[in-house]
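Encoded as structure tokens, the structure appears first; notes follow it.
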Amino acid sequence: MNTYSTDYLKNQIEENIAMLHETTDTASNQTFYKAAAKTVNDILIERSKHFQAQAASKGVKQVNYLSMEFLMGRSLKNSLYNLGLVDQFEKIMKDYDVNLTDLYECEPDAGLGNGGLGRLAACYLDGFATQGYNAYGYSILYEFGIFQQKIVDGWQTELPDNWLPGGRVWLHAKPELAVDVHFGGYIDEFWDNGYHFTSHKNYTTVKAVPYDMYVSGYNSPAVAILRLWKAESPAFDMESFNRGDYTHALSQSMTAEAISKVLYPNDNHTQGKMLRLRQQYFLCAASVADITNRHMREYGTLDNFAEKNTIHINDTHPTLAIPELMRILLDECGYGWDHAWKIVTKTFNYTNHTVMKEALEVWNEDIFKEILPRIYQIVAEINRRFVEEMNQQFAWDTMRIERMAIVSNHQVRMANLCVYTSNKVNGVSKLHSEIIKQNVFHEFYDLYPAKFTNVTNGIAYRRWLLQSNPWLTNLLKSTIGDGFLQDASQLKKFEKYATDKKVHKQLAEAKLSAKKALASYMKKTQGIEMNVNSMFDVQVKRMHEYKRQHLNALNIITDYLYLKENPNADFVPKTYIFGAKAAPGYYMAKQIIKLLCCLAEEIKKDPVISKKLSVVYLENYSVTLSEYIMPASEVSEQISLAGTEASGTGNMKFMLNGAVTLGTMDGANVEICERVGNDNIVIFGMDAEQVETTKEMGYAPIEYYNNNPDIKRAIDFIESGVAGSTFPDIANSLKWNDPYMVLADFDSYRKAQAKISELYQKPDVWYTMAAMNIANAGYFSADRSVKDYATGIWELE
Ligand code: 26W
């Protein structure tokens, strides 16, 4: 596919090294990394120009994916792979006596996201480009991404993620496309010649400067653009400064720059902070200006805007794009309300990513009005019309209208605005999309059933299989050929080998190689020793009570206490691996991290038991770390309370690498189960319906504590002390409240764990399961997901 000669590439790299004032003899790996990255980025820029020109000449509809988060990880390896340049770069670097893999390690993760939602957005950019769609991602150029987690004495501490020194090479500034965003001030309204006018006065201007990041498709001419907005003060306030008012001049520019300073590290929990609202409007206003400007340049009118553009709202965080597009149509282009509303309702679509009540975004009406006076007026008018419409149908049901209202009770409700306005609303797995219809938005569903649909999540599978797991990739190539490199559905061909003993042996070898690679990486980077001859049982994801890392902990404790009494018992040697960041203000999550670290320490102290059982807590779980972990995993812990995890995407990365899912009937686990069949997954616990009925009957966790001796022992243990620390808050929460029903599922989880041990001891059975998981992972490719969006939601050709 590529047309770059090795000589050309080498020449480019050397020029780039010279630009850094070095020579190939003196350059460090850092310099080689930057020079290589610049070379690749220049290629991407060139290809992107080409692709854009073609898309424009054909007048294809543009996808605009707005998201407060894009958790991109590293780019060099992925870009080289997708461009088909790995072999050439390896050879070139070898000539300089440089190892390409070492250069990959020089790159910091672009951690512009918290977890699932942000990583999904990044995977979809890969999918858009690979499938050849004309797509832009829009987000904020956070100077600091998700914090770096350091575990100090078992406690999480947060360090700033200063990623730009190494990450800047991937950014292409476009100052000529900068736009102004207005905050605060007041609205002057007046009538002229029978027409109503508004004018925004006394506002503060923040300049939004775009920096583009390019994502190449695999074996495709298309390049997706991630446009990241940096906030700047428009011009230093010279007037104030000259008057001697330094503080005013300085504080203006600092307030502006604060907007793109740092990513909010909350996952599934809103705080209602003013700066966050400013960030959201900043992203929305800059992006909508950019999209409409481009459209105007091409077509000279916004009449056909919705035919040529779709704007996707990734969770409610970019909701303000809706009133912002209304504002542009009304105030800047002179459209009447009805015409503007028609365009807007055809343009937007919205994905919901969580059912957690704490994540539902609502803004205090006064704050909203103060920061965004014109946007407030427009939202209030959308609400007025909506309520009027409702009154015609449900005048008798004022409570219902109140619940569905967009502005009510001194709050602006973002989700209601999204659902009311959007053409389509989707959940991210079959189960989740049902829950949305029946629960979260059921009153909207009654009214607009045709709006609601599902797109099951998918992953950029090449990153976690072809680029991260060479051992398994080679085995797959040698059995099913290389069609799966382009088309994940071809993994299905591997089913034919599922019971092949020779293949089982090869699977075992591939897994061991990946485990050794993870172990040596952990030794090198975190000083952790891992026993590669034990089973790797892994739970990596954000730390949250609903994900139930503490259920996992209770099981480990039960095993530990059992082994203390029966040191010679038969036991499949296991390493329980955890990795998770907690939101800095989430007390319980931080307690659970400490508990897991103490548990690791306590077990490690016992020379006999630690041969059979160990716990490791990996620091700073990130995209890059996941690329080492997924290939090495054997058991995938997906143990959220049924009905709480919208989809999960880690579960897909694990199965792709041949790990067996130990999970509840939650999120996409349900569809994984459907695809691999009951024999190739270990399911436990209540399903979503049983959870509902158990709650209705009145759940009393203390009864489980009193009646199940294992539960009692485990909880008493954490209360009395683990490696010198006690955890009364976790214990009391479990006994008296247990919001995520850990104790109700404990017994069933124990049995499922026992079943895993039993299966693991029969290699024939185990590797058949592993093979069936690999063979059926193809459906969960981002390529498939984006095609579902394209046809089912965006109406692309
Ligand atoms: C405003 C605070 C906040 C921040 C992030 C609220 C909500 C979020 C996200 C929606 C949380 C999130 O990442 N959700 C995850 O989205 C994934 C991709 O669809 C799903 O696979 C996960 O199940 C879901 O938890």
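Computed from a predicted model, the values in this text were never measured in an experiment. Every number for a ligand or one of its atoms is a count from 1 in the order of the listing.
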Checking [Y] against [X]: is there a side-chain donor and acceptor pair closer than 3.5 Å?
X      : Y      : answer
Glu358 : Gln271 : no
Asn426 : Thr453 : no
Glu69  : Asn114 : yes

[atom] [closest protein heavy-atom partner, distance rounded to 0.1 Å]:
atom                    : result
atom 23 (O) of ligand 1 : Glu645 OE1, 2.6 Å
atom 4 (C) of ligand 1  : Asn266 O, 3.2 Å
atom 7 (C) of ligand 1  : Asn268 N, 3.5 Å
atom 13 (O) of ligand 1 : Leu117 N, 3.0 Å
atom 15 (C) of ligand 1 : His353 O, 3.7 Å
atom 2 (C) of ligand 1  : His269 O, 3.3 Å

If you measure from each heavy atom of [X] to ligand 1, is any distance below 4.0 Å?
X      : result
Asn114 : no
His317 : yes
Gly648 : yes

*asked:* Going by the rule side chain to side chain contact (heavy atoms under 4.5 Å, CB included), which residues pair with Ala231 if we only count those two or more places apart in sequence or in a different chain?
replied: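 In terms of side chain to side chain contact (heavy atoms under 4.5 Å, CB included), with neighbours along the sequence ignored, Ala231 is linked to Val206, Ile259, Ser260, Phe282.
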_Matching residue for Tyr586 among Lys581, Gln591, Glu545 - test: side-chain hydrogen bond (donor to acceptor under 3.5 Å, both in side chains)_ = Glu545
*asked:* Just to verify, what does Tyr699 make a ring-ring contact (aromatic ring centres under 6.0 Å, His included) with, not counting sequence neighbours?
replied: Tyr704
*Check: Asn457 N/O within less than 3.5 Å of ligand 1 N/O*: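 It does: an N or O of Asn457 is found under 3.5 Å from an N or O of ligand 1.
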Check ligand 1 against [X] and write out every atom of the ligand that is under 4.0 Å from a heavy-atom position of the residue.
X      : answer
Arg276 : 1 (C)
Tyr546 : 25 (O)
Thr270 : 1 (C)
Ala646 : 23 (O)
Val428 : 19 (O)
Asp315 : 10 (C)

*Quick one: does Tyr142's side chain get under 4.5 Å of Val262's, heavy atoms only?*
no
*Does the separation of the ring centres of Trp794 and Tyr789 fall below 6.0 angstrom?*
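Close enough - the centres of the two rings lie under 6.0 Å apart.
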*Identify the heavy atoms of Pro584 and Lys590 that sit nearest to each other, and give their distance.*
O-NZ, 2.9 Å
_Aromatic Tyr211 / basic Arg227 pairing, under 6.0 angstrom, 45° off normal_ = no
